[in-house]
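Here is the structure we will look at, set down as structure tokens.
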Amino acid sequence: MDVKAVDKVYVGNINVAARRARELLLGKLKLGDVIDWATTFSLWPVHLLTSCCGAEFAATWSPRFDAEQYGALPWVAPRQTNFIIIEGTVTRKMACALRITYEQMPHPKFVIAMGACALDGGLFYNSYNIVRPWEVVPVDVYIPGCPPPPEAVARAIIDLRRKIREKKLASRWLIEGWRHDRDPVKPADDVCKWWRP
Amino acid sequence: MKPEELLELLKHALGGLAKEVTVRKGYVEVLVDADSVVPVANKLKELGFDHVKSVTATDYPKESKIRVTYHVSSYLREDLAKPILGLSVDLPRDNPVMESLTGVWRSSEFQEREVYEFFGVTFRGHPDLRPLLLIPELAERRVLRKDFVVKEESIYEGVPHRYQ
Ligand code: SF4
């Protein structure tokens with residue numbers, strides 16, 4: 001079939017029609033801005049408690065610090081959330097769970113690494129049983145501290161929101177189909193035994 | 001019950017089964033041979049020790065032995081629960097095999113799995129002997145034995161993050 005002819009058909013070929021409609025809405029009509037705006041105010045983290053930083057994570061959403069005011073609500077199911085806060089140390093067994101959770105989330109999706117352990121090992125920097133989270137999933141914002149206070153977690157959420165708005169991460173991810181500002185991360189360690197012959 | 005009283009009670013009840021019964025600073029230790037661990041455990045259970053608090057192991061590379069210790073206690077008899085009682089078995093370091101005590105105390109099941117993965121001690125008759133916390137590749141390397149050396153640096157710079 002002639003490609004140009006196909007391009008003009010709006011109804012006959014559903015894929016082409018969908019692509020044209022997407023380009024029109026997202027590109028010309030600036031729906032992308034709306035998507036970015038909507039994403040920044042509905043960042044729902046999935047509950048993936050890997051270590052002791054989880055205590056501060058819980059305090060962040062307690063009435064005193066109330067991170068729900070930023071539109072972030074911790075949710076249980078990965079398929080209805082769009083970002084992960086990695087709460088501390090990631091052991092080798094947990095790295096597989098982290099990767100599976102990340103794969104299950106619909107894009108656009110974002111990752112915040114919390115605590116010294118999630119940055120570069122922290123206390124356990126030479127342990128035989130941990131991995132660095134950035135080897136397993138692409139991390140957007142790091143929070144230093146052991147553990148980081150709830151204010152720092154709230155600050156990281158605000159930083160992530162600004163990053164999404166300024167770089168148009170969410171809308172461009174939807175338009176282009178992949179994350180334009182970074183390469184996808186493939187774990188160097190075969191954490192889940194997926195690519196073993 | 002004072003530890004000394006428990007010592008007398010145990011010496012009387014176990015008779016010749018135990019190799020050595022000692023008390024030090026309120027800690028009563030019963031050292032037995034690997035063959036007689038199940039009869040001794042049954043005797044202790046008859047006395048009223050109804051659960052295992054922890055199973056642990058100590059590596060002695062110079063003496064070439066691994067000592068597996070069961071800390072047992074009692075829910076039902078409060079007087080028995082006060083002193084700490086350890087049931088220890090010495091095993092050869094190159095082939096540590098012993099009878100599992102899960103048949104006597106069911107609460108030792110997961111803890112025996114931990115000793116298995118960290119020290120390589122095999123428990124005969126264990127219902128489900130798999131690594132619990134580690135991935136299988138790491139469990140094969142017996143990471144809590146003293147000859148497994150973790151890399152250390154005095155100055156923190158660019159740590160190699162895989163230890164193969
Ligand atoms: S950074 Fe500190 S508080 Fe957080 S997981 Fe590591 S040790 Fe625990």
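Just so it is clear: chains get the letters A, B, ... in the order the sequence lines come, proteins before strands, and each one is counted from 1.
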Atom OH of A:Tyr128 and atom CG of B:Leu144: how far apart are they, to the nearest 0.5 Å?
4.5 Å

From B:Leu133 CG over to A:Lys93 NZ, what is the distance, rounded to the nearest 0.5 angstrom?
7.0 Å

Whether over 12 other heavy atoms sit under 6.0 Å from [X] [atom1]:
X	atom1	result
B:Glu78	CD	no
B:Arg124	CZ	yes
B:Tyr27	OH	yes
A:Lys163	NZ	yes

Is B:Leu138 close to chain A through its backbone or its side chain, or both, or neither, when contacts mean heavy atoms under 4.5 Å?
side chain

Residue part contacting chain A, namely of B:Pro131, when any heavy atom lies under 4.5 Å:
backbone

